[in-house]
Amino acid sequence: MNLRRDVFQAIADPTRRSILMLVAAQSMTAGAIASNFDTARPTVSKHLQILTECELLRSEQNGREIIYHLNLNKMKEIADFIEPFRQMWDDRFNKLESVMKAYQKKISNE
């Protein structure tokens with residue numbers, strides 16, 4: 001049975017988000033990624049496995065090394081999914097800001 005991991009559970013973990021930020025800046029080997037954390041390498045390997053299963057990272061065999069790259073297509077897919085929610089909250093905060101400015105103006109005129 002092939003269980004598919006949830007991408008949002010994957011990025012909920014702060015270590016995995018940090019790994020994504022590292023690899024976004026530069027493709028890296030597992031060892032190079034692990035050197036940025038104070039955890040055991042197998043722990044980082046497990047995080048890499050989860051990120052790869054979610055297709056957030058893709059791995060490329062280069063001789064004996066595996067190099068991890070950010071999967072830009074998957075990241076765009078996630079960003080596209082989140083965008084309507086971001087717009088909705090921006091609209092709500094802008095309305096709240098307008099209400100607060102009107103309230104402050106009313107108070108200052110009293």
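The figures here come from the full heavy-atom set of this structure, side chains too, leaving out hydrogens, waters and symmetry mates. Only a predicted model underlies this, so the values are computations on that prediction, with no experimental measurement involved.
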Listing, residues 30-37 side-chain donor-acceptor contacts under 3.5 Å, not counting sequence neighbours, or none:
| unit_1 | atom_1 | unit_2 | atom_2 | d |
| --- | --- | --- | --- | --- |
| S35 | OG | A32 | O | 2.7 |
| N36 | ND2 | A32 | O | 2.8 |

Run the side-chain contact (heavy atoms from CB on, under 4.5 Å) test on E53 and Q49 for me, step by step, so that the C-alpha distance in whole Å, both residues' side-chain angles and the decisive distance to 0.1 Å come before the verdict. CA-CA 6 Å; E53 287 174 7; Q49 177 187 357; 3.0 Å; yes

Pairs meeting criterion ring pair (Phe, Tyr, Trp, His ring centres under 6.0 Å) with involvement of residues 5-24, two or more places apart: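 Applying ring pair (Phe, Tyr, Trp, His ring centres under 6.0 Å) to every pair that reaches into residues 5-24, excluding sequence neighbours, yields F8-F81.
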
Residue pair V23, L56: steps toward the side-chain contact (heavy atoms from CB on, under 4.5 Å) verdict: CA-CA 10 Å; V23 177; L56 294 168; over 6 Å; no

How would you list all residue pairs meeting salt bridge (charged side-chain N to carboxylate O under 4.0 Å, His left out) that involve residues 32-47, not counting sequence neighbours?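 Applying salt bridge (charged side-chain N to carboxylate O under 4.0 Å, His left out) to every pair that reaches into residues 32-47, excluding sequence neighbours, yields nothing.
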
Output all residues satisfying side-chain contact (heavy atoms from CB on, under 4.5 Å) with A102, sequence neighbours left out; order by chain, then residue number.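 By the side-chain contact (heavy atoms from CB on, under 4.5 Å) rule, A102 matches no residue at all.
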
I50 side chain reached by R16 side chain, heavy atoms, under 4.5 Å: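 Yes, side chains in contact.
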
Side chains of M100 and E97, heavy atoms from C-beta outward: is any pair under 4.5 Å?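 No; the side chains remain at least 4.5 Å from each other.
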
Backbone N or O of T39 within a donor-acceptor pair of the T43 side chain at under 3.5 Å?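 No: the side chain of T43 does not pair with the backbone of T39.
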
Side-chain (N71) to main-chain (E55) donor-acceptor, under 3.5 angstrom: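 Side chain of N71 to backbone of E55: a pair is present.
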
Summary of side-chain hydrogen bond (donor to acceptor under 3.5 Å, both in side chains) pairs that have at least one residue in residues 82-95, sequence neighbours excluded: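 Sorted result for residues 82-95: E83-R86, E83-Q87, R86-D90.
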
Drop me the distance from [X]'s [atom1] to [Y]'s [atom2], to the nearest 0.5 angstrom.
X   : Y   : atom1 : atom2 : answer
L57 : I19 : CG    : CD1   : 7.5 Å
M75 : L20 : CE    : CG    : 5.5 Å
H47 : T52 : NE2   : OG1   : 12.5 Å

Give the other cluster members for Y103, using side-chain heavy-atom distances under 4.5 Å between Ile, Leu, Val, Met, Phe, Trp and Tyr residues; answer none if it is isolated.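 Members alongside Y103: I107.
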
When clusters are formed from ILVMFWY side-chain contacts under 4.5 Å, directly or step by step, what else is grouped with V99?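 Cluster partners of V99: none, it stands alone.
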
Give every donor-acceptor pair under 3.5 Å between a side-chain atom in residues 58-68 and any protein atom, sequence neighbours left out.
| unit_1 | atom_1 | unit_2 | atom_2 | d |
| --- | --- | --- | --- | --- |
| E60 | OE1 | H69 | NE2 | 2.6 |
| Q61 | NE2 | G63 | O | 2.8 |

Quick check: is L70 connected to I78 through a chain of hydrophobic side chains (ILVMFWY, heavy atoms under 4.5 Å apart)?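 Linked, I78 and L70 end up in one cluster.
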
In one Ile/Leu/Val/Met/Phe/Trp/Tyr side-chain cluster, 4.5 Å: V7, I82: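 Looking at the clustering, I82 is in the same group as V7.
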
Which heavy-atom pair separates L51 from A10 by the least distance, and what is that distance?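 Nearest heavy atoms, L51 then A10: CD2-CB, 4.5 Å.
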
Go through the structure and list residues passing salt bridge (Lys or Arg N to Asp or Glu O under 4.0 Å) with K76, not counting sequence neighbours.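 Checked K76 against salt bridge (Lys or Arg N to Asp or Glu O under 4.0 Å); matches are D80.
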
Excluding sequence neighbours, so at least two apart, what forms salt bridge (Lys or Arg N to Asp or Glu O under 4.0 Å) with K105?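 By the salt bridge (Lys or Arg N to Asp or Glu O under 4.0 Å) rule, K105 matches no residue at all.
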
